[in-house]
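Step one of this worksheet: look at the structure below.
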Amino acid sequence: MSSFSSLQLCPELQYTLESLGYVEPTRIQSLAIPHALDGKDLLAEAQTGSGKTAAFALPLIEQLSRSPLASGERPVRGLILTPTRELAIQVADNTLAYGRELGIRVVSIYGGVRYEDQIRRLKRGADILVATPGRLIEMLLHQTVMLDKLETLVLDEADRMLDLGFIEDIRKVISFMPDKRQTLLFSATLGGSIATLAKELLHNPVRVSATPSNTTVSSIKQRAYYIDNKDKSDILCYLVDGCHWSQTLVFTRTKKRTDEVAAYLQREGISAASLHGDRTQRERNAALQAFVQGDVRVLVATDVAARGLDIESLPQVINYDLPNQPEAYVHRIGRTGRAGKSGLAISFVAPDERRFLADICSLIGKEIPLMGVPTIEKGKLVDGPLLSQIWTKKPSGSGAENQRSDGQSRKPTRQKKAGNPKQTPVSKRSGSAAGSKATSPDDKAKAEGNNAGRRSIFQR
Ligand code: AMP
């Protein structure tokens with residue numbers, strides 16, 4: 001592994017990295033930074049949590065500082081496109097931190113917040129713009145932002161942008177920038193439509209890969225428990241409460257379910273907030289901030305939160321519902337075990353979700369053994385019995401597999417808080433069990449929070 005000093009970054013950047021506690025570059029940083037500094041186009045495969053933001057932001061900042069413009073000029077010279085608002089905010093914060101000793105101005109623009117405030121910030125000048133495509137196009141069409149002096153374009157989480165249907169928006173944004181530029185494309189996967197996009201946008205790119213695609217980080221302990229839908233909420237409370245977890249990120253498949261699970265936890269005396277694309281940007285920021293600051297113990301989210309969330313040392317992630325797209329699993333559990341720290345990823349697998357687990361295992365090339373309902377002993381999680389034999393059985397849908405080999409039920413009991421309303425399983429109350437037809441997580445417009453997105457919510 002190289003050191004930052006061998007990467008030919010200026011003393012100000014070296015100093016900043018040292019003060020941030022970065023001792024040595026991560027693998028993607030070692031691989032990508034030298035080529036990016038050489039001015040090459042880059043096709044980089046990197047997982048979330050691998051340090052990819054610094055892999056593109058450091059060379060971008062370094063290049064800007066090497067070729068300062070005449071005083072008074074402050075055009076946008078670097079553009080980082082991200083799929084979601086959360087990621088835009090996080091990437092902008094990190095880039096600002098990396099460039100602070102060099103006085104680099106970073107402005108983020110994304111939907112869901114006041115247009116005028118962003119214009120005001122833009123008017124003061126931006127060296128690097130971090131943007132989601134929809135809001136950026138709006139501004140380009142109104143000529144409130146110009147990209148004619150752009151030197152470097154970064155596409156962050158390009159695979160997610162394609163998933164969200166941003167391809168035409170990307171093309172439109174590119175039509176506003178010079179042909180002669182450097183383009184850095186970062187993606188968790190490089191196959192399929194990403195390869196096509198790369199052909200269209202990149203010129204003789206250098207391809208680097210920090211990990212084989214869709215592998216999960218070995219520092220994350222992965223557990224899958226076979227839990228009937230109607231028992232999921234009880235078991236979630238049991239685990240959070242019994243293991244004294246103070247910061248747990250829970251993923252559900254639909255927005256409605258996200259609110260229901262958060263409400264259930266609250267009724268059970270466990271502080272929780274929900275995060276999904278139907279909440280306003282202000283609500284989303286508040287929920288995230290409360291979770292990061294430790295004001296709420298559980299954040300229940302749809303996949304909109306699966307990318308771009310960087311919470312220092314998040315200890316565990318729970319897939320309350322398994323995602324029906326196996327790639328989403330990799331991104332969800334990538335919220336824990338970041339930057340080499342250990343993490344725990346638990347999946348609740350209902351009878352009708354077993355096929356999703358099989359898809360995930362084949363994608364990541366690793367078997368995640370399916371076990372019975374876990375118990376807690378002395379505040380520690382104890383796995384249920386191995387249930388691998390159920391793979392050969394037809395799904396019963398009865399949850400009868402959640403039995404110990406001695407025949408006793410493993411369903412845990414939890415002391416209910418005095419005054420709590422009678423507990424009713426979420427799936428019964430709402431009728432929106434995990435097995436019901438999955439709605440798409442958060443669509444393109446919701447991810448960005450643009451006006452079209454808001455309209456479609458009201459029209460529904
Ligand atoms: P990212 O993949 O860019 O979201 O980064 C994941 C986390 O790793 C962030 O909290 C970064 O601050 C941190 N990080 C990035 N590069 C390094 C490094 N070289 N050493 C230590 N931490 C890092």
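Side chains included, hydrogens not; waters and symmetry mates left out as well; all remaining heavy atoms used. Whatever order the structure lists them in is the order used to number ligands and atoms, beginning at 1.
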**Prompt:** With a cut-off of 6.0 Å (strictly less than), are more than 12 heavy atoms of other residues, nucleotides or ligands near CD of Gln143?
**Reply:** no
**Item:** salt bridge (charged side-chain N to carboxylate O under 4.0 Å, His left out) contacts in which one or both residues fall within residues 141-155, not counting sequence neighbours
**Value:** Arg77-Glu151
**Request:** Using heavy-atom distances, let me know which of Gly51, Ser30, Ala210 sits nearest atom 5 (O) of ligand 1.
**Result:** Gly51
**Request:** Give me the ring orientation class for Tyr98 and Tyr22: parallel if the planes are under 30° apart, tilted from 30 to 60°, perpendicular past 60°.
**Result:** perpendicular
**Request:** For Thr53, take its heavy atoms, then give the atoms of ligand 1 lying under 4.0 Å from any of them.
**Result:** 1 (P), 3 (O), 4 (O)
**Asked** Counting both backbone and side chain atoms, is some N or O of Gln29 under 3.5 Å from an N or O of ligand 1?
**Response** yes
**Item:** Glu24, portion touching ligand 1 at heavy-atom distance under 4.0 Å
**Value:** backbone
**Message:** Please work out, at 4.0 Å between heavy atoms, whether the side chain, the backbone, both, or neither of Phe4 comes within that distance of ligand 1.
**Reply:** side chain
**Message:** Taking the cut-offs as 6.0 angstrom to the six-membered ring centre and 45 degrees off its axis, would you call Lys52 and Phe186 a cation-pi pair?
**Reply:** no
**Asked** Going by distance only, is there an N or O of Tyr22 that falls short of 3.5 Å from an N or O of ligand 1?
**Response** yes
**Message:** List ligand 1 atoms under 4.0 Å from Ser50, heavy atoms only on the residue side.
**Reply:** 2 (O)
**Request:** Kindly write out the residues that satisfy side chain to side chain contact (heavy atoms under 4.5 Å, CB included) with His244, not counting sequence neighbours, or none if the list is empty.
**Result:** none
**Asked** Does Glu353 come within less than 4.0 Å of Lys232, counting only side-chain N to carboxylate O?
**Response** yes
